[in-house]
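Note that the structure is a prediction, hence the values are computed from the model and not measured. Chain A is the first sequence line, chain B the second, and so forth, proteins listed ahead of strands; every chain is numbered from 1.
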Amino acid sequence: MPTITLPDGSERALDEGATAGDLAAAIGRRLNKDAVIADVNGIQRDLTAPLADGDRVAIFTSQSDEGLFTIRHSTAHVLAQAVLDLFEGATFAIGPPVENGFYYDFLLPEDPDGTPRTFTPEDLDRIEVRMREIIGEAQPFVRDELTDTRAREVFADHPFKLEIIDGEADDPTSVTEPGRVRTYENPPAKPKELQPFHGYDGFVDLCRGPHVPDTSRFLGHFKLMRVAGAYWRGDEHRPMLQRIYGTAWATKADLDAHLHQLEEAAARDHRKLGTELDLISFPTELGAGLAIWHPKGGIIRKQMEDYSRARHERGGYDFVYTPHLANGRLFAESGHLQNYHDDMYPPMELDNGEYYPKPMNCPMHVLVYRSRQRSYRELPLRLFELGTVYRYERSGTLHGLLRIRGFTQDDSHIFCTPDQVVDEIASLLQFILSVLRAFGFDDFEAKLSTRPESKSLGSDENWKAAAAALRSALEREQLPYTVDEGAGAFYGPKIDIDIRDAIGRTWQLSTIQADFTTPERFGLEFVAADGSRQRPIMIHRALFGSIERFFGVLLEHFAGAFPTWLAPIQARVLAVRDDHEDYAAAVVSRLRAAGIRVDADPADEKLGNRIRKAKLEKIPYVLVVGDDDVAAGSVGVNPRGGDVERGVALDAFTERLHGEIAEHSRASASTTVTTNS
RNA sequence: GCCCGGGUAGCUCAGUCGGUAGAGCAAUUCACUCGUAAUGAAUAGGUCAGGAGUUCGAUUCUCCUCCCGGGCUCCA
């Protein structure tokens with residue numbers, strides 16, 4: 001007897017003889033929605049065939065994860081068909097759905113002079129036109145199954161498809177797990193002799209489905225976004241293909257909302273705002289991936305650092321300082337030269353060895369620990385440093401402040417006994433979340449990363465013990481987490497904390513890494529209560545991750561409108577006329593004496609223009625002073641994002657501002673952790 | 001590192017089918033003295049990213065390098 005899964009997840013049995021198409025229509029009417037997709041047996045799309053015993057039908061709405069997956073996946077096929085129609089001799093590889101859309105990889109024939117043909121922006125326009133024609137033609141998606149012999153004939157001109165047929169390449173389009181649509185994952189259990197096969201109107205693609213019923217249904221709300229190079233199978237030693245990215249949605253409103261979100265993100269870009277607000281810059285004279293901080297950026301950074309130091313001081317950390325360079329012997333002992341060499345700047349040759357800029361602070365902190373004999377009474381020993389490191393990131397990966405070559409980590413290494421490690425990581429999680437909340441973030445998700453397949457140090461037991469410690473701390477704090485197999489650092493597994501920003505993007509910032517390996521390599525010991533020598537466990541953690549990256553994320557999160565406690569200029573005083581300047585100067589010095597960061601813009605331009613400039617600089621408070629204020633000792637308060645208030649007593653304003661700034665420290669002093677769902 | 005696209009004044013950009021460049025904003029000066037998002041005028045500002053080649057002549061064409069953006073890959 002066939003069974004059906006409804007959008008609410010419930011299941012029920014069906015009469016034989018019904019078709020998926022009948023069902024979808026009936027269910028759609030019941031749900032009061034036309035946009036319903038039926039999926040038979042997880043792979044098949046044939047709405048007209050009667051259902052048979054054992055068939056499983058799933059019905060979902062077009063805006064569910066499954067529905068969007070189906071729509072994006074089907075649109076990718078339309079893209080492939082359009083490209084093959086328009087470009088003689090083009091061959092195609094894979095085209096899976098991804099977050100917000102889909103892509104498809106192609107290889108175009110070489111030009112007569114031997115140069116590889118590439119897609120241009122004009123090509124994308126042509127392709128989009130052809131795609132809309134195909135959609136208008138309502139071509140059905142028809143499923144067929146071929147033997148691999150026959151499939152090799154069908155795809156004889158498409159070597160990448162042949163690799164998939166021969167099982168030498170995974171086809172990510174076979175990943176049908178809802179909501180997880182990453183490439184190169186979950187290799188399909190393919191029957192060797194029977195290849196799934198979809199074809200329509202002369203265009204044939206290798207695929208497992210599911211698809212929409214025909215190209216006219218649910219498709220059309222898409223846009224081709226860009227073309228980029230991508231290696232076949234993600235391997236830089238394989239051919240570089242041309243990848244076309246598109247976005248696709250169930251409705252026009254969803255598509256428009258997505259495009260609007262992209263504009264919003266572009267307007268918040270930290271590189272753009274960093275320049276506009278005169279916070280940071282990347283002079284080409286400095287070299288790639290290196291930033292300088294201007295005075296206003298410097299104020300914000302100092303606030304961040306001051307706050308961080310204050311919290312760490314209260315949190316029981318000891319402050320250390322270590323140099324930017326070290327003899328290569330240190331990095332040989334730590335394992336960095338073997339495992340991290342590609343990311344390190346080259347050494348400086350000196351009389352007594354090679355000196356490397358440090359890519360991490362850990363070896364230096366280990367030396368602090370090892371500088372004398374340690375007792376269990378000292379543990380956990382928490383060493384903290386705002387440590388600047390240099391990593392030779394590959395040039396193509398650099399991205400403003402978010403991926404940079406010289407950066408400062410708010411880095412800590414905690415040395416503790418094996419008994420202490422779970423408690424310590426659990427309280428670390430609380431500490432980290434509390435500090436992140438103080439900066440206006442409240443939506444977190446954790447990721448646990450386990451041992452990499454290559455380039456790692458230490459025994460399996462140690463790795464397992466470390467991962468278990470991280471896992472139990474996560475569970476104790478009830479922080480939702482996912483597991484990322486093989487993504488750990490070379491010395492141990494790690495927890496990464498993702499935060500979600502004001503427009504819903506996630507950023508990976510904080511990291512906690514449990515390390516049983518480094519203490520062994522460096523022969524670290526402490527004297528236990530019974531007098532025996534024991535090995536401590538080392539916890540690496542960065543809270544902001546890096547000051548630069550955190551600052552970049554904050555800048556985008558607040559769209560440049562930093563909260564008052566962080567704002568480089570908290571208030572600006574504007575005299576209405578020249579003869580109010582003396583009073584304006586008095587207001588400035590009163591506020592400055594009260595610890596407010598304040599400046600003035602003299603009255604040689606119209607008031608309206610000076611207000612406009614202050615607003616563009618996103619200054620939290622604009623204070624306008626004129627005749628009334630001189631007489632009454634007041635100010636006109638024009639707050640960012642609020643209503644103008646005339647005649648506010650200066651003392652009252654100062655108090656209000658102090659209150660606002662203090663509220664931040666009160667709110668963040670609490671270390672209570674509440675889990676988000 | 002690889003693929004694609006770029007680099008013109010502090011910023012955003014126009015322009016030169018090869019004859020060494022222009023706007024708006026910003027800056028400076030002057031005038032205006034104005035109560036909540038753009039007052040007017042004048043001045044100054046550029047080895048057209050850097051280097052080499054072709055040419056009578058290169059910002060423009062070619063090549064190389066550097067830097068930036070979007071991806072691949074990687075990461076704090």
Side-chain angles (χ1 to χ4, degrees), chain A residues 103 105 116 118-121 183 225-245 266 269 271-272 275-276 278 281-290 340 342-343 359-361 387 389 391-405 407-411 449 487 489 494 496-497 507-511 513 540-550 552-553 574-581 602-617 622-629 636-639 643-647:
Chain A
Y103 68 79
D105 286 347
T118 55
F119 292 114
T120 63
T183 54
M225 303 301 285
R226 67 180 72 91
V227 53
Y231 298 107
W232 169 231
R233 299 172 64 186
D235 180 346
E236 58 186 303
H237 305 296
R238 307 294 305 263
M240 169 77 68
L241 308 177
Q242 294 273 302
R243 176 170 297 175
I244 296 178
Y245 281 92
D269 191 295
R271 295 161 298 186
K272 176 174 144 69
T275 303
E276 282 175 7
D278 195 15
S281 61
F282 302 88
T284 59
E285 300 89 323
L286 254 187
L290 299 168
Y340 208 73
D342 292 348
D343 289 303
M360 294 187 190
N361 301 298
V389 297
R391 298 186 185 172
Y392 190 71
E393 303 288 353
R394 300 208 285 175
S395 61
T397 65
L398 300 172
H399 181 85
L401 289 175
L402 302 180
R403 190 74 185 276
I404 195 168
R405 283 180 172 163
F407 59 99
T408 301
Q409 295 183 302
D410 59 334
D411 207 0
S449 301
K494 62 178 181 174
D496 290 320
I497 296 173
W507 305 92
Q508 195 250 295
L509 297 165
S510 314
T511 177
Q513 307 174 357
H540 307 240
R541 56 110 274 204
L543 198 164
F544 293 151
S546 83
I547 306 267
E548 287 79 1
R549 180 179 284 184
F550 195 74
V553 171
L574 305 179
V576 173
R577 281 194 322 271
D578 271 357
D579 45 334
H580 304 129
E581 291 287 12
D604 53 9
E605 269 178 295
K606 294 189 86 165
L607 181 63
N609 194 27
R610 287 178 286 146
I611 287 172
R612 177 169 185 273
K613 286 198 287 189
K615 294 292 178 185
L616 291 175
E617 289 179 50
V622 178
L623 306 179
V624 175
V625 294
D627 290 331
D628 302 348
D629 300 296
V637 179
N638 184 338
D643 295 330
V644 173
E645 203 179 338
R646 291 276 299 270

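Within 4.0 Å (heavy atoms only), R226(A) reaches sugar-phosphate atoms of the nucleic acid but no base atom. Backbone-only contact: T284(A) has heavy atoms under 4.0 Å from sugar-phosphate atoms and none from a base. D411(A) comes within 4.0 angstrom of nothing in the nucleic acid, heavy atoms only. Among the atoms of the strands shown, only primed sugar atoms or phosphate atoms (P, OP1, OP2) are found under 4.0 Å from some heavy atom of G289(A).
One P atom belongs to rA42(B), the other to rA23(B), and the distance between them is 11 Å to the nearest Å. For rU43(B) and rG7(B), the P atoms lie 30 Å apart once the distance is rounded to whole Å. Nucleotides rA21(B) and rG45(B), compared at atom C1', are 13 Å apart to the nearest Å.
Counting distance only, with no hydrogens placed and no angle test, the side-chain atoms of D629(A) and the base atoms of rG35(B) include a donor-acceptor pair under 3.5 Å. Donor-acceptor pairing under 3.5 Å, judged by distance alone, is present between the side chain of Y231(A) and the base of rG1(B). You won't find any donor-acceptor pair under 3.5 Å spanning the side chain of R243(A) and the base of rC72(B), going by distance alone. Judged by atom type and distance alone, R610(A) does not reach the base of rC34(B) through any side-chain donor-acceptor pair under 3.5 Å.
Nearest-nucleotide positions on RNA chain B for R391(A) and I611(A) put I611(A) closer to the 5' end. Remark on RNA chain B: of its neighbouring residues G400(A) and R646(A), the 5'-side contact belongs to R646(A), judged by nearest-heavy-atom nucleotide.
Of the nucleotides present, rU39(B) is the one that pairs with rA31(B) by Watson-Crick or G-U wobble criteria, both distances under 3.5 Å.
Remark: R405(A) is positioned above the aromatic ring of Y392(A), its terminal NZ or CZ atom under 6.0 angstrom from the ring centre and at most 45 degrees off the axis.
Taking each heavy atom of E605(A) and N609(A) in turn, the nearest pair found is OE2-ND2, 2.7 Å.
Centre separation under 5.5 Å together with a plane angle under 30° holds for the ring of F407(A) and the six-membered base ring of rA76(B), marking them as stacked.
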